[in-house]
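Residue numbers run from 1 in the order of the sequence given.
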Amino acid sequence: MWSLSVAGCRRLGVIGSLAVALGGWAAGTLPDRDPWGLWLSHGPRAAEAGTLLAYAGLTLLVVAWWRYGRLLALRPSSVRVHDGLTTLGWWAAPLLLAPPLYSADVYSYIAQGAMVVEGHDVYAAGPSVLDPAGLGGDAAASVGGHWTDTPAPYGPVFLLVAEGVVQATDGRIVPAVLGMRLVAVGALALIVWALLRLAPRGARDGALWLGALNPLMIVHVVGGMHNDGLMIALLLAGAALALRGRRWIAGSALVGLAMMIKSPAALGLLFIGVVLARETAGPPIRRWAKALLGPGTVAGAVAVAATLVSGTGFGWLRTQNVAGSIHTALSLTSDAGFALGRWMHYFSGTHPDPVKRAIQAMGLTLALALIAYLAAHVLRGLLDPVKALGLSLLVLVLLSPVVQPWYLLWAVPLLAATAWRGRTARAVAVLSAAFVYVTAPDGRTPAYAFAAAAVACAVAAHRTLRGEPAAVPAPARIPAPRHPEDHPSPAILFRPPIS
């Protein structure tokens with residue numbers, strides 16, 4: 001079949017990406033005001049047609065991606081890294097000039113950058129403080145829902161980036177959005193660089209397929225310009241330096257920068273410390289002192305320096321739970337807590353909120369226990385630290401009180417670099433194919449989007465049970481060394497207890 005070739009998959013994906021972009025011009029997350037007249041609403045009929053076109057294009061993109069994975073499984077010698085890089089460029093290109101897709105977050109980024117330029121405290125007020133006719137006013141008017149009055153939950157490094165984009169574009173809505181997209185494309189390029197260094201030589205094409213060509217990555221990093229892409233890029237680069245290249249100071253510094261975008265990146269420090277504990281020679285006190293204090297000290301110094309350079313203050317320490325104020329239907333613990341709280345309220349009159357918070361806390365406690373379990377396996381040489389970091393982020397996402405579809409990307413590239421042919425990767429591929437449907441082009445999460453996600457999940461799971469797309473057996477297990485000193489390099493994969 002023509003679709004079971006690199007060229008065929010590439011063409012099918014380009015058609016899908018073009019349809020997503022064209023649909024976005026009518027049904028994307030359009031700004032409330034656009035003085036340039038490029039991204040204007042053309043009424044409900046055009047929006048409905050654009051939504052249908054975008055969903056059809058998204059389906060073609062997902063099918064093309066799945067067939068590309070099938071091609072890797074059936075004829076791995078016919079696919080090269082160069083093919084993956086070229087395909088990624090073709091699939092991402094149609095989205096470069098499209099309006100914001102699947103999220104209005106980019107308007108918050110621009111408005112917060114304008115707040116920094118104007119001297120407002122982004123950690124005490126929301127974009128509503130901006131003058132509607134002044135710098136960033138058009139972006140502030142386009143910020144969705146209660147985020148208009150919500151302080152920034154992001155670190156000072158990202159606010160510096162947003163400030164730079166606003167200053168370079170004078171806060172004009174279209175150039176500012178395109179500036180943020182340029183940042184997102186740069187983040188994607190760094191993700192690709194890190195993937196190629198984290199993955200074993202014979203698995204780089206598969207790592208690119210799952211980690212970079214993934215429609216969830218293309219849609220939400222290039223199309224939606226989520227700053228999660230920049231966080232992931234810096235975290236991956238830090239992991240490549242610290243966990244593969246024995247450059248733990250540089251790696252910890254990059255993880256510190258990633259933390260100053262979004263705080264979940266701090267998990268990277270745990271596994272850098274564990275690897276240091278395994279690899280450092282000498283007395284146990286020296287090993288553990290270096291492991292416990294080294295990465296945290298480097299990342300902490302980066303955080304302090306970034307805060308002082310940005311001039312935004314240390315308010316980011318108190319706004320990390322801002323996102324927890326909303327309920328997302330993808331959060332298993334929030335859904336379970338909400339349902340149990342309502343049931344108890346109905347039968348006993350108990351207020352549902354404490355019950356919901358208790359279930360959320362239990363979920364986070366379980367996540368921490370599982371992360372500790374994974375870290376212990378890395379310490380004993382039973383699990384690759386890069387894979388363990390990916391699994392830890394996946395656990396954190398699945399048990400978090402707030403889950404957005406693009407949060408899955410925290411874990412995807414790390415798992416793609418280490419386990420793209422195993423059961424874990426198959427589960428991640430199924431979740432990616434489903435989660436990409438959850439958000440509509442205009443940023444909403446309507447009921448039909450969850451129905452489409454359920455259908456995609458069922459189809460992808462059925463295909464996976466048939467051996468698609470990862471039909472190639474996983475690599476043979478490599479015995480772990482008995483002592484840390486016997487382990488020549490962290491680049492060698494450890495014997496994984498889970499696949």
Side-chain angles (χ1 to χ4, degrees), residues 123 152-160 187 190-191 194 226-243 247-277 290-307 310 312 314-324 363-376 378-379 385-404 406-415:
Y123 297 122
Y154 313 119
V157 168
F158 182 70
L159 293 176
L160 276 173
L190 184 55
I191 288 171
H226 287 288
N227 59 5
D228 300 73
L230 189 55
M231 180 200 78
I232 295 161
L234 292 170
L235 176 60
L236 281 175
L241 292 178
L243 302 180
R247 298 166 62 185
W248 71 267
I249 296 177
S252 299
L254 286 176
V255 173
L257 289 175
M259 287 166 47
M260 291 297 95
I261 295 171
K262 299 189 80 168
S263 57
L267 265 180
L269 299 176
L270 170 64
F271 290 95
I272 293 176
V274 171
V275 169
L276 277 178
K290 184 177 179 180
L292 294 175
L293 300 177
T297 300
V298 172
V302 169
V304 171
T307 302
S310 69
T312 56
F314 289 86
W316 55 269
L317 291 169
R318 66 173 183 268
T319 62
Q320 294 304 299
N321 62 346
V322 162
L364 288 176
T365 302
L366 176 60
L368 292 175
L370 292 173
I371 291 169
Y373 171 82
L374 293 168
V378 173
L379 184 63
V386 177
K387 183 177 181 181
L389 176 56
L391 289 171
S392 296
L393 287 166
L394 181 62
V395 165
L396 183 63
V397 169
L398 295 179
L399 295 174
S400 174
V402 179
V403 179
Q404 299 287 7
W406 52 91
Y407 287 6
L408 185 65
L409 294 174
W410 300 354
V412 166
L414 290 157
L415 295 174

Checklist entry - Between Tyr123 (side chain) and Tyr154 (backbone), is there a donor-acceptor pair under 3.5 Å? => result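 It does hold such a pair.
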
Checklist entry - Hey, does the side chain of Thr319 reach the backbone of Ala152 with a donor-acceptor pair shorter than 3.5 angstrom? => result yes

Taking the side chain as every heavy atom from C-beta outward, state whether [X] and [Y] have any atom pair closer than 4.5 Å.
{"X": "Ser252", "Y": "Ile272", "value": "yes"}
{"X": "Pro413", "Y": "Ile232", "value": "yes"}
{"X": "Tyr407", "Y": "Ser400", "value": "no"}
{"X": "Lys387", "Y": "Leu415", "value": "yes"}

Between [atom1] on residue [X] and [atom2] on residue [Y], distance to nearest 0.5 Å:
{"X": "Tyr373", "Y": "Leu391", "atom1": "OH", "atom2": "CG", "value": "10.5 Å"}
{"X": "Leu241", "Y": "Leu236", "atom1": "CG", "atom2": "CG", "value": "11.0 Å"}
{"X": "Met231", "Y": "Leu409", "atom1": "CE", "atom2": "CG", "value": "9.0 Å"}
{"X": "Phe271", "Y": "Leu276", "atom1": "CZ", "atom2": "CG", "value": "13.5 Å"}
{"X": "Leu370", "Y": "Leu366", "atom1": "CG", "atom2": "CG", "value": "4.5 Å"}

Next on the checklist: Pair Trp248, Val275 - check side-chain contact (heavy atoms from CB on, under 4.5 Å), show working.
Outcome noted: CA-CA 9 Å; Trp248 71 267; Val275 169; over 6 Å; no

Ignoring hydrogens, what is the shortest heavy-atom contact between [X] and [Y]? Give both atom names and the distance.
{"X": "Pro156", "Y": "Thr307", "value": "CG-OG1, 3.5 Å"}
{"X": "Met260", "Y": "Ala303", "value": "SD-CB, 3.7 Å"}
{"X": "Leu293", "Y": "Thr297", "value": "O-OG1, 2.5 Å"}
{"X": "Leu408", "Y": "Val397", "value": "N-CG1, 4.3 Å"}
{"X": "Ile261", "Y": "Asn227", "value": "CG2-O, 3.7 Å"}
{"X": "Leu374", "Y": "Ala388", "value": "CD1-O, 3.9 Å"}

Checklist entry - Going through the distances and angles, do Leu234 and Leu257 end up as a side-chain contact (heavy atoms from CB on, under 4.5 Å)? => result CA-CA 7 Å; Leu234 292 170; Leu257 289 175; 3.9 Å; yes

Item to check | side-chain contact (heavy atoms from CB on, under 4.5 Å) evaluation trace for Leu393 with Leu235 | outcome: CA-CA 11 Å; Leu393 287 166; Leu235 176 60; 3.8 Å; yes

Item to check | Working for side-chain contact (heavy atoms from CB on, under 4.5 Å), residues Leu267 and Leu389 | outcome: CA-CA 7 Å; Leu267 265 180; Leu389 176 56; 4.0 Å; yes

